[in-house]
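Read the numbers this way: they start at 1 and go in the same order the structure lists the ligands and their atoms. Just so we're clear, the structure is a prediction, and the values are computed from it rather than from any experiment.
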Amino acid sequence: MNIVVGVTGGIAAYKTVQLVRLLVKDGHDVHVVPTDDALRFVGAPTWEAISRHPVTTSVHDDVARVRHVALGQEADLVVIAPATANTIARMAAGLAGDLLGTTLLATQAPVLIAPAMHTEMWLHPATQANVATLRARGVRLIGPDSGQLTGDDSGPGRMSEPDAIHAEVGRLLAAAQDLAGIRVLVSAGGTREPIDPVRFIGNRSSGRQGIAIAVAAAERGADVTLVAAHVEEGVLATVPDRIRIHHAGTAAELGERMTALAADADVVIMTAAVADYRVATVSDRKLAKEDGAPTLALVENADILAGLAATRRPGQTVVGFAAEMPTDDETVLERGIRKRRRKGADLLAVNEVGWEAGFERADNTVAVIGPDDAVVAEATGSKREVADALLDAVVDVRR
Ligand code: CTP
């Protein structure tokens with residue numbers, strides 16, 4: 001595999017020498033891209049000798065090969081170790097002032113960072129916000145560990161040990177293309193059921209979780225089709241071109257699209273928040289106050305997930321989501337277990353919702369219930385991290 005190791009200006013750079021050795025020993029083609037600051041800790045000759053490739057920090061060397069983008073385009077994985085607070089901030093902002101910056105913007109490969117800094121810098125709200133931004137974009141983190149730092153101080157901020165980073169690289173490379181050749185169909189967002197030409201019954205789904213699943217599946221090699229109900233402004237802009245997008249407004253439209261597209265899918269994931277009811281008679285005219293307060297009669301929509309599960313082809317995996325609140329006599333998980341059985345899905349990802357949790361946020365917490373009612377995966381973190389945990393469960397259940 002082709003691995004780029006970015007090294008930034010922290011004393012822990014000396015430990016990265018060992019990481020590069022381990023990766024070269026595994027037979028990987030390793031390109032070290034240090035920042036200028038990093039070279040004050042460990043010099044270019046060391047990196048060149050152990051990686052067996054030329055090392056530069058500048059976008060102006062090897063211009064004929066367009067090295068400033070080629071390294072990123074050709075990489076199967078990018079590891080930044082150590083990742084300083086400054087580097088994390090530059091990554092969050094997308095700055096491309098040196099070879100490492102351009103490489104990071106040019107790559108579609110998974111990116112793993114191993115932060116290293118003093119505890120105060122790690123805990124600073126600016127660093128924490130930057131880390132959250134990177135996690136939401138799919139960047140993986142390892143560490144920082146807690147322990148003795150460079151001076152007399154100790155606390156969280158130590159770079160993870162080279163062995164641990166090396167093991168994580170192995171896991172990421174193994175997972176990198178585990179959905180290759182698999183056709184994944186995902187629904188996202190909330191349906192809107194019209195009342196009259198200008199009004200609808202909707203819900204607070206932003207579409208972020210479903211889109212995170214679609215993007216993660218595509219990065220893991222799947223051929224992905226996304227059916228988007230109403231999603232928050234801007235979230236579709238993060239979807240790469242290779243994902244086909246269909247649009248659906250109402251539950252009925254979403255049901256039709258999903259049923260038709262499911263014929264060609266190996267994995268179907270219903271992340272959309274589907275309205276359980278629609279208005280029985282949609283008014284052709286905009287309802288006016290002078291008509292008096294309306295009474296809306298509702299009729300039940302078909303359960304799309306249950307229908308997809310009932311008609312699934314052999315070998316097809318059907319996955320649902322459940323947004324639950326605990327009741328006096330049932331936990332969120334117990335409700336999820338019942339719902340998975342009722343709908344007949346292979347996997348059901350359950351998350352707790354309320355006024356504060358679940359919707360319109362970057363972070364999410366889910367438990368994935370498997371075919372025998374056991375929790376097969378749990379994840380708390382960015383919607384991308386939840387997406388990867390769910391896809392891990394999909395890969396497992398298909399084995
Ligand atoms: N779902 C569906 N069709 C519907 C309603 C829901 O396909 N008409 C799917 C959702 O996409 C989700 C799962 O079913 O994957 C669970 O959705 P949820 O709203 O939690 O379930 P409901 O069936 O609406 O159950 P509840 O009575 O708890 O509202």
Review point. Got the closest protein heavy atom to atom 5 (C) of ligand 1, with its distance?
Key: Asp276 OD1, 3.3 Å

Check your understanding: What residue and heavy atom of the protein are closest to atom 13 (C) of ligand 1, and at what distance?
Key -> Phe321 O, 2.9 Å

Point to revise | Protein contact of atom 10 (C) of ligand 1 - nearest heavy atom, named by residue and atom, plus distance | key: Ala272 O, 3.5 Å

**Study point:** Location of contacts on Ala302 toward ligand 1, heavy atoms closer than 4.0 Å
**Key:** backbone

Check your understanding: For ligand 1, which atoms, with element, lie under 4.0 Å from some heavy atom of Ala322?
Key -> 20 (O)

Check your understanding: If only atom types and distance count, is the side chain of Lys15 paired as donor or acceptor with the main-chain N or O of Met159 below 3.5 Å?
Key -> yes

**Study point:** Donor-acceptor pair, side chain of Glu256 and main chain of Ala251, under 3.5 angstrom
**Key:** no

Practice item. Give a yes or no on whether the backbone of Gly381 and the side-chain of Glu385 come within a donor-acceptor separation of less than 3.5 Å. Key: no

Check your understanding: Should the pair Arg220-Asp388 be classified as a salt bridge under the 4.0 Å nitrogen-to-oxygen rule?
Key -> yes

Exercise for review: Would you check if Leu185 and Ile269 make a side-chain contact, meaning some heavy-atom pair closer than 4.5 Å?
Suggested key: no

Exercise for review: Compare Leu305, Val350, Leu308, Asn203 and give the one whose heavy atom is closest to atom 9 (C) of ligand 1.
Suggested key: Leu305

**Study point:** For atom 1 (N) of ligand 1, closest protein heavy-atom neighbour
**Key:** Lys343 NZ, 3.8 Å

Point to revise | Asp303: numbered ligand 1 atoms lying under 4.0 Å from its heavy atoms | key: 2 (C), 3 (N), 4 (C), 7 (O), 8 (N), 23 (O)

Check your understanding: Taking N or O atoms only and a 3.5 Å limit, does Met270 qualify as a polar contact for ligand 1?
Key -> yes

Review point. Among protein heavy atoms, which sits nearest to atom 27 (O) of ligand 1, and what does the distance come to when rounded to 0.1 Å?
Key: Arg342 NH2, 4.3 Å

Exercise for review: Compare all side-chain heavy atoms of Thr16 with those of Val5 and state whether any distance is below 4.5 angstrom.
Suggested key: yes

Study note, to complete from the structure: If you scan protein heavy atoms around atom 25 (O) of ligand 1, the nearest is Lys339 NZ, 3.1 Å

Exercise for review: Measure from atom 19 (O) of ligand 1 to the protein's non-hydrogen atoms and state whether any distance is below 4.0 Å.
Suggested key: no

Exercise for review: Taking atom CD of Gln108 as the centre, report whether more than 12 heavy atoms of other residues, nucleotides or ligands fall under 6.0 Å from it.
Suggested key: no

Check your understanding: Which residue holds the protein heavy atom closest to atom 3 (N) of ligand 1, what is that atom called, and what is the gap in Å?
Key -> Ile304 N, 3.0 Å

**Study point:** Check: Ala262 main-chain N/O paired with Gln316 side-chain donor or acceptor under 3.5 Å
**Key:** yes

Review point. Do Thr107 and Gln73 come close enough that some side-chain heavy atom pair is under 4.5 Å?
Key: no

Review point. Which atoms of ligand 1 sit under 4.0 Å from any heavy atom of Gly320?
Key: 15 (O)

